Amino acid sequence: MTAKDYSTVVHERRSVRKYDSSYKLDRALLDEILEEATLAPSSRNLQPWRFIVIQDQELKKKIRSCAYNQEPLETASAVIAIIADCEMYHNALKIYRSKFDQGLMDEVTMQRQIDGIEQLVPHTSFATRLNIATFDCGLVSMQIMLGAKARGLDTVPIGGFDHEQVTEALDLDATRYEPILLLPIGKAEQPGFETTRLPLSDIVDYR
Ligand SMILES: Cc1cc2nc3c(=O)[nH]c(=O)nc-3n(C[C@H](O)[C@H](O)[C@H](O)COP(=O)(O)O)c2cc1C
């Protein structure tokens with residue numbers, strides 16, 4: 001994608017709240033969007049995101065009921081629940097070994113990285129790990145939204161939901177996982193509202 005294509009996608013993305021509920025989303029397309037999105041950066045590359053892709057109509061309805069009855073959760077083709085894995089350190093071995101196996105890292109460095117993670121991350125508080133994972137989930141979520149838009153699909157990030165109810169509805173282990181965002185994805189039936197942004201003069205301080 002050229003810089004201009006990227007800019008067009010960013011400018012055209014809006015939060016869409018009216019979906020064509022008859023539109024069926026191909027799993028291969030969802031996989032493509034998710035795989036590309038996971039190129040997002042993450043703290044120590046631990047990739048603390050998990051995705052539950054909900055297409056079952058009954059489960060979508062249930063999730064809607066956990067989120068102040070927000071319509072897109074039922075009418076969009078799918079809802080991607082973005083879940084933080086607060087025990088992301090379990091992935092260290094697999095992630096760094098694959099980097100070593102692909103010749104991208106020597107063995108000593110691999111072991112040093114794994115040891116560094118295992119000696120530190122599990123001993124930080126749950127709140128610290130959740131904070132890290134939430135940030136990383138935000139990065140991957142943005143990439144999903146832009147990847148969807150680039151392919152003619154729309155999304156709306158939904159953070160207004162009852163976390164306990166969603167945890168229960170998705171049968172998550174609350175000692176490890178926390179739902180961060182619900183992301184309806186599908187074909188727009190109506191465009192999203194135009195929105196505005198603060199001027200740079202309000203938010204940027206060059207020093
Ligand atoms: C973390 C987060 C949570 C949000 N939660 C909701 C929500 O619960 N319901 C909703 O309709 N929109 C929600 N939004 C969408 C925002 O209202 C929207 O992004 C904002 O108004 C700017 O509009 P735009 O996305 O069309 O540019 C959320 C956005 C973010 C980033």
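Both counts, for ligands and for their atoms, begin at 1 and track the order of listing. Predicted model, so just to flag it, every value in this text is computed and none were measured. Start at 1 with the first residue, then count along the sequence.
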For atom 6 (C) of ligand 1, the option (of A67, P72, P157, G160) bearing the nearest heavy atom: P157

In terms of side-chain geometry, is the basic nitrogen of [X] or [Y] positioned less than 4.0 Å from the acidic oxygen of its partner?
X   : Y    : answer
R64 : E74  : yes
D26 : K24  : no
D85 : R176 : yes

Counting N and O atoms only, with roles assigned by atom type, does the side chain of [X] sit under 3.5 Å from a partner on the main chain of [Y], one being a donor and the other an acceptor?
X   : Y   : answer
K60 : A76 : yes
R50 : I83 : no
Y68 : S65 : no

Per-residue contact class, M145 against ligand 1 - non-hydrogen pairs under 4.0 Å: neither

T195 and ligand 1 - part of the residue with a heavy-atom distance under 4.0 Å: side chain

Residue, atom name and distance, where the atom is the protein heavy atom closest to [atom]:
atom                    : value
atom 17 (O) of ligand 1 : R17 NH2, 3.3 Å
atom 1 (C) of ligand 1  : L181 CD1, 4.1 Å
atom 27 (O) of ligand 1 : R197 NH2, 2.8 Å
atom 25 (O) of ligand 1 : S15 OG, 2.6 Å

Test item, E194 contacting ligand 1 (heavy atom, 4.0 angstrom): no

Counting from 1, what ligand 1 atoms have a heavy atom of [X] closer than 4.0 Å?
X    : answer
R14  : 26 (O)
Q70  : 7 (C), 8 (O), 9 (N), 10 (C), 11 (O)
G159 : 3 (C), 4 (C), 5 (N), 6 (C), 7 (C), 8 (O)

Protein non-hydrogen atom found under 4.0 Å from atom 20 (C) of ligand 1: no

Salt bridge (Lys or Arg N to Asp or Glu O under 4.0 Å) assessment of E71 paired with K18: CA-CA 8 Å; E71 183 184 301; K18 291 285 174 194; 3.1 Å; yes

Over 12 non-hydrogen atoms of neighbours within 6.0 angstrom of CD in Q55: yes

